[in-house]
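Side chains included, hydrogens not; waters and symmetry mates left out as well; all remaining heavy atoms used.
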Amino acid sequence: MMTNHDIVRADSTTDAAEHPEHDHTHAGQHDHVVHDPSERDRAEHDHASHEGHAGHDPAVFKRKFWLSLALTIPTLVFSTGLQDILGLGGPRFAGSQYIPAVFGVALFLYGGLVFLRSAVGELRSRQPGMMTLISLAIVVALGYSLAVTLGLPGMDFWWELSTLITIMLLGHWIEMSAVMGAQDALGELAKLLPDEAELVHGDHTTTVPVETLAVGDRVIVRPGATIPSDGDVVDGESDVNESLLTGESTPVDKATGARVIAGSVNGSGALTVRVGSVGADTALAGIMRLVADAQASKSGAQVLADRAAALLFYVALGAAIVTLVIWSILRPDDPGFVLERVVSVLVIACPHALGLAIPLVSLIATTKGARAGILVKNKLALEDARQLDVVLFDKTGTLTEGRQGVVDVVTTAAATPEELLRLAASVEAKSEHPIARAIVAHATESGIRVPRSTKFRALAGRGAEATVAGRVVTVASQRVAIERGIILEPDLVLGGRERGAQGKTVVFVLVDNVAFGLIALADVIRPESAEAVSRLKRRGVRVAMLTGDSREVGNWVAAELGIDEVFAEVLPGQKADVVATLKRDGAKVGMVGDGVNDAPALTGADVGIAIGAGTDVAIESAGIVLASSDPRGVADILALSQATYRKELQNLWWAAGYNVLGIPLAAGALFGVGVLLAPALAAVFMSASTIVVAINAQLLRRVRLAR
């Protein structure tokens, strides 16, 4: 059985492959990882892009950096070349001239080989990039320095080699820490599951590992405990915190028959839950898969960055060759200077910043969205959401709750609304009809005490009747009142006619054959829907609605929510046609739906957004999923999309601009005016650009969503 922990930790095997000495195990967390040797071999060389950096452990680079720094200090102290440049005198004794070489070679083998291994992977995959450039720089510096130490005239580069490797390790450590910090959200999701569950066996319970639970088992969830699996409550009442799935911190009341999700936290009551799904089939596992898939996908900006990074290798290599040729002609008697320029070009051209610019922003965006109940299945969908001109909502189950509910109560002078509901609910409490259940539920939610009725009888196809406190109360259609010759007040007649024209279901409440009032029912509009529409309009987005219901029903819901465009009486097969109609004039269309028949429209829209409480088919057809059924999340998607794209552009401009200015400077284009960039300083600038990009991406965490 695959557990939820497996889903997350399976992506972590690359780290063990690259660095066998590192152990990923976290305290209190299961790590059911199967270490496949073939996977380990592939992972060891799979660093062609920063998307492979998820397998690099920042702790390893941290350790390598500090030890390399310790080796760099004596290299600098005993480097005669550096002392000559600075005009300083250092310690001298017999054989001290070989200390920089010894420490330099040690640094190359300890700190530099990680870059060479990655470069081999790039070359094997025919995707030379940043690791190949780093490797070129340090190999050239090593080879030339060894030659000078063994007698070749010139200045060795041991001090520059050591500082280059150390600074590269520092940049990589910071970079990996940022990337791993974004990916750790998946690990945090896995930690939400408890390790054990209290399994019911007859009249006693047994504590068992969560991964041993099977569908149909019953578990007791005590107050304050975490629910171990998805399932249904079979006994007990409590409030449950489901913020991990919905992004909402308000607890949800649960009673017999209610659905609960693994990882949510039980409140003050005890619940007995029948296990409905386990392992990879749970809602939490689904969230983790969506986040992982989104992090593995590419946005348009990422594709552009990848192309730029690949192009930069050839630009840097070409610039290095041109630099070598020109300076060899201008200064043929100074090979050390020529080599220094070539090394500087190769170092400053390392596309770390460019490679990190988009992946880190995307990782942070998808994890930030997941915490807010926005599950990004495809990064391109998130990127495109900022361009939406029209958001098209399916009505039932999206803007409405998909169930009948009381929307209006009209009374005569004979009763108050509370009295009318009390009497009607007393009659309907013994009926299983959807209208009856809606009236009883509304009365209960309103805090009305419902008295017991007697002599209940159903009026086939017309309503129900019972005795309440000695009075005969009838809840039925207007036809029953007409058949009985009951005179209805004009206000009731007009009120019933008006609400019927809106597509509402109207029932009259008769007490001893006297009309006390009417109750109108309709598909209940979600309380958040009006605000959701308002937020989108404030962003300048058109809002439209489609429904298979009558035009009267559609127009009523639209009027309640402030929607101007309504597509009513739309058959399931025609929903995709509505999307095509809206797109025909060039508008970017986002479709929000929850049902099976919404799937073609979700797929046909520029951005498909599925309501998380909807069907699996709808979710699979969408690019973004709202984990909750709150339509206000659509405005949050647009806000997150704009913020994400803004950060991506900022990082791309910084990374590209840095290389455009840095390569000519490193090549010595301004040597004539006294500006010369040493390889070590080039490494500093390269690492600084990486840090700037990483910090700018982290600022995305500060973007506030509305909810």
Side-chain angles (χ1 to χ4, degrees), residues 60-119 131 133-173 320 323-324 327 331 333-350 666 668 676-688:
V60 172
F61 281 92
K62 176 183 178 181
R63 184 167 60 250
K64 285 183 177 291
F65 164 72
W66 285 115
L67 185 52
S68 297
L69 180 62
L71 294 173
T72 297
I73 293 174
T75 305
L76 298 177
V77 170
F78 289 98
S79 175
T80 56
L82 177 61
Q83 293 167 7
D84 292 341
I85 292 174
L86 299 177
L88 301 174
R92 297 283 193 274
F93 53 84
S96 62
Q97 69 272 24
Y98 296 111
I99 291 179
V102 172
F103 283 102
V105 172
L107 264 168
F108 180 85
L109 295 175
Y110 176 71
L113 286 183
V114 62
F115 300 111
L116 266 67
R117 284 197 298 266
S118 298
M131 295 300 176
L133 287 173
I134 295 173
S135 299
L136 278 175
I138 62 177
V139 167
V140 168
L142 174 71
Y144 183 73
S145 297
L146 278 174
V148 170
T149 301
L150 295 176
L152 181 71
M155 179 190 299
D156 63 63
F157 285 139
W158 293 118
W159 67 274
E160 290 180 308
L161 172 65
S162 61
T163 53
L164 174 60
I165 291 175
T166 302
I167 291 172
M168 288 294 182
L169 288 171
L170 173 62
H172 217 63
W173 168 29
T323 299
L324 175 65
W327 283 115
R331 301 186 66 163
D333 57 342
D334 193 354
F337 177 87
V338 175
L339 183 57
E340 183 179 281
R341 292 303 93 222
V342 173
V343 171
S344 296
V345 169
L346 293 174
V347 169
I348 206 166
C350 292
L676 198 61
L677 195 64
L681 190 57
V684 171
F685 287 164
M686 185 281 300
S687 296

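Across every non-hydrogen atom of Gly111 and Ser68, the tightest pair is CA-OG, 4.3 Å. Arg341 and Thr323 get closest at one heavy-atom pair: CB-CG2, 3.5 Å. When all heavy atoms are compared, the tightest approach of Thr75 to Ser162 is CG2-OG, 3.7 Å.
Taken from CZ in Phe103 to CG in Leu107, the straight-line distance is 9.0 Å, to the nearest 0.5 Å. The distance from the CD1 atom of Ile165 to the NZ atom of Lys64 is 10.5 Å, given to the nearest 0.5 Å.
A side-chain contact (heavy atoms from CB on, under 4.5 Å) with Trp158 is found for one member of Thr149, Val102, Ile99, Thr72 and no other, namely Thr149.
In this structure the side chain of Val139 reaches within 4.5 angstrom of the side chain of Leu116, judged on heavy atoms.
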